[in-house]
Number of protein chains: 2
Amino acid sequence: MDRLDLRILDQLQQDASLTNQALAERVGLSPSACLKRVRRLRESGVIQREVAILAPEALGASLHMVVEVTMVRDDRTLYRRFTQRMEAAPEVMQCYQVTGEVDFVLIVSVADMESYDRFCDNVLDAGQDVHKFRTLISRKRTKFQTRLPLGI
Amino acid sequence: MDRLDLRILDQLQQDASLTNQALAERVGLSPSACLKRVRRLRESGVIQREVAILAPEALGASLHMVVEVTMVRDDRTLYRRFTQRMEAAPEVMQCYQVTGEVDFVLIVSVADMESYDRFCDNVLDAGQDVHKFRTLISRKRTKFQTRLPLGI
DNA sequence: CGTGAAATATGTATCGT
DNA sequence: ACGATACATATTTCACG
């Protein structure tokens, strides 16, 4: 993966709707050479997928929560079951396993408080594996980006 | 925004590289009708942008931090300056303004601990507005999705 | 990696409901 | 106002140099 690949990736991180022609021009390649690289980057898994980012406010999913989860005990099997449950829950946008007093941090998106209450009952408390959790209610998501710093 | 728009959005949330033809077929519209809707959804800002999601591990940006920030005092101007600083920092992927004992939660992506130390010095501590912060080091990001639950 | 031609997709105009 | 069909334009894709 060379400088050209990194430039391609950085462009696509910002705008994946670019045509291959326009992308090729920006990075200084012919369309065919550029396409070959993009395909290789997709197949190798560096480009995981291409997605549309929607405005949460326009869709009634504008309530974001940061949830700090502490497990009942430190146990691999318990952790695996928990992460699988989070994987299956559509409200859970992100799940980080962290070090320290807390075991997991979740980013959860819901329409309203009732939906969040249901989430707590049906997903968080459903496994007898969560000892306690603390919810930080987000009044405002002031930044949301998916662009990783590639250092180029 | 009707059921058809929601189906279009949910498809594009999952895969924005779908051709308009394939998308039209999936939602049961003619290509031209589908394209009109997609264009409208883009122009109205419901579709904010289309981006490539990259594998952080493949790019040496695999260290994720959850940072809880407490400000020196509750002050609108201070908050605005802080959010602007976070907006400008490429390491800050997300910034949530939250209620409770903590004022902000950040999701930060860096290559290594040295980069994170530099970030703390040059960005977090640079404004004399942060009273204290707590870093939760992520050992593993077990889920990362951008797909909002649209309830369809 | 680049060129050029065939295959495909996008975008537009027009008509019908 | 919205969707379908058909046509013109643009893009993708592949064989070859």
Side-chain angles (χ1 to χ4, degrees), chain A residues 1-62 111 145-152, chain B residues 1-61 145-152:
Chain A
M1 228 187 29
D2 58 9
R3 211 59 58 94
L4 276 169
D5 281 336
L6 288 175
R7 289 185 61 190
I8 288 173
L9 291 171
D10 201 38
Q11 289 295 328
L12 292 180
Q13 275 198 116
Q14 295 175 71
D15 185 1
S17 73
L18 271 179
T19 66
N20 183 57
Q21 285 193 352
L23 176 63
E25 201 182 344
R26 289 198 191 191
V27 302
L29 276 175
S30 71
S32 73
C34 184
L35 184 62
K36 272 181 217 160
R37 282 171 179 266
V38 172
R39 268 211 288 250
R40 200 160 42 90
L41 290 166
R42 266 198 270 255
E43 279 158 20
S44 69
V46 178
I47 298 176
Q48 289 186 332
R49 57 200 197 286
E50 289 158 59
V51 300
I53 303 293
L54 309 184
E57 323 84 46
L59 294 155
S62 52
Q145 78 165 203
T146 53
R147 181 189 181 189
L148 293 168
L150 298 186
I152 50 176
Chain B
M1 228 185 29
D2 58 8
R3 214 57 59 94
L4 277 169
D5 280 336
L6 289 175
R7 290 184 60 189
I8 289 173
L9 291 171
D10 201 38
Q11 288 295 328
L12 292 180
Q13 275 199 113
Q14 295 175 72
D15 185 1
S17 74
L18 272 179
T19 66
N20 183 57
Q21 284 196 351
L23 177 62
E25 201 180 343
R26 290 198 192 192
V27 302
L29 276 175
S30 72
S32 74
C34 184
L35 186 61
K36 268 184 226 165
R37 281 170 179 268
V38 172
R39 261 194 358 180
R40 211 182 43 209
L41 290 166
R42 268 198 269 255
E43 278 158 18
S44 69
V46 178
I47 298 176
Q48 288 187 331
R49 55 199 198 286
E50 289 158 59
V51 301
I53 304 294
L54 309 185
E57 323 83 46
L59 293 156
Q145 79 164 204
T146 54
R147 181 190 183 189
L148 293 169
L150 298 186
I152 50 176

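The sequence lines fix the lettering, A, B, ..., with proteins before strands; numbering per chain opens at 1.
Qualifying side chain to side chain contact (heavy atoms under 4.5 Å, CB included) partners for A:Ala58, counting only residues two or more places apart in sequence or in other chains: A:Ala55, B:Val46. Residues satisfying the side chain to side chain donor-acceptor pair (under 3.5 Å) criterion with B:Asn20, sequence neighbours excluded, are absent altogether. Scanning for side chain to side chain donor-acceptor pair (under 3.5 Å) contacts around B:Ser44 gives an empty result, with sequence neighbours left out. Take A:Arg42 and apply the side chain to side chain donor-acceptor pair (under 3.5 Å) test, not counting sequence neighbours, and it matches A:Glu50. Residues passing the salt bridge (charged side-chain N to carboxylate O under 4.0 Å, His left out) test with B:Arg26, sequence neighbours excluded: none. Listed by chain and number, the residues in a salt bridge (charged side-chain N to carboxylate O under 4.0 Å, His left out) with B:Asp10 are B:Arg147 (sequence neighbours excluded). Not counting sequence neighbours, the partners of A:Thr146 by the side chain to side chain contact (heavy atoms under 4.5 Å, CB included) test are A:Ile53, A:Phe144, B:Val51, B:Ile53, B:Phe144, B:Thr146. Taking B:Arg49 as the reference, nothing meets the side chain to side chain donor-acceptor pair (under 3.5 Å) condition, with sequence neighbours excluded.
Side-chain contact between A:Leu18 and A:Glu25 is absent, with no heavy-atom pair separated by less than 4.5 Å.
Interface limits on DNA chain C: the 5'-most and 3'-most nucleotides within less than 4.0 Å of chain A heavy atoms are C:dC1 to C:dT3.
Across every non-hydrogen atom of B:Gln13 and B:Leu148, the tightest pair is OE1-N, 2.5 Å. Residues A:Cys34 and A:Ile8 approach most closely at SG-CD1, 4.3 Å, considering heavy atoms.
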* To do: Represent DNA chain C in dot-bracket notation, 5' to 3'. Only Watson-Crick or G-U wobble pairs with both distances under 3.5 Å count; pseudoknot-style crossings use [ ] and interstrand partners use |.
  => .||||||||||||||||

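Annotation: proximity of residues 1-8 of chain B to DNA chain D (heavy atom, distance under 4.0 Å) is found for B:Leu4, numbered in ascending order.
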* Applying side-chain contact (heavy atoms from CB on, under 4.5 Å), run through B:Leu35 and B:Leu23 and close with a yes or a no. => CA-CA 9 Å; B:Leu35 186 61; B:Leu23 177 62; over 6 Å; no

* To do: Sugar-phosphate means primed atoms, P, OP1 and OP2; the rest is base. With that split, encode nucleotides 11-17 of chain D 5' to 3' as B, S or - using protein heavy atoms under 4.0 Å.
  => SBSB---

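B:Arg37 has a side-chain polar atom (N or O) that falls below the 4.0 Å cut-off from OP1 or OP2 of D:dG3.
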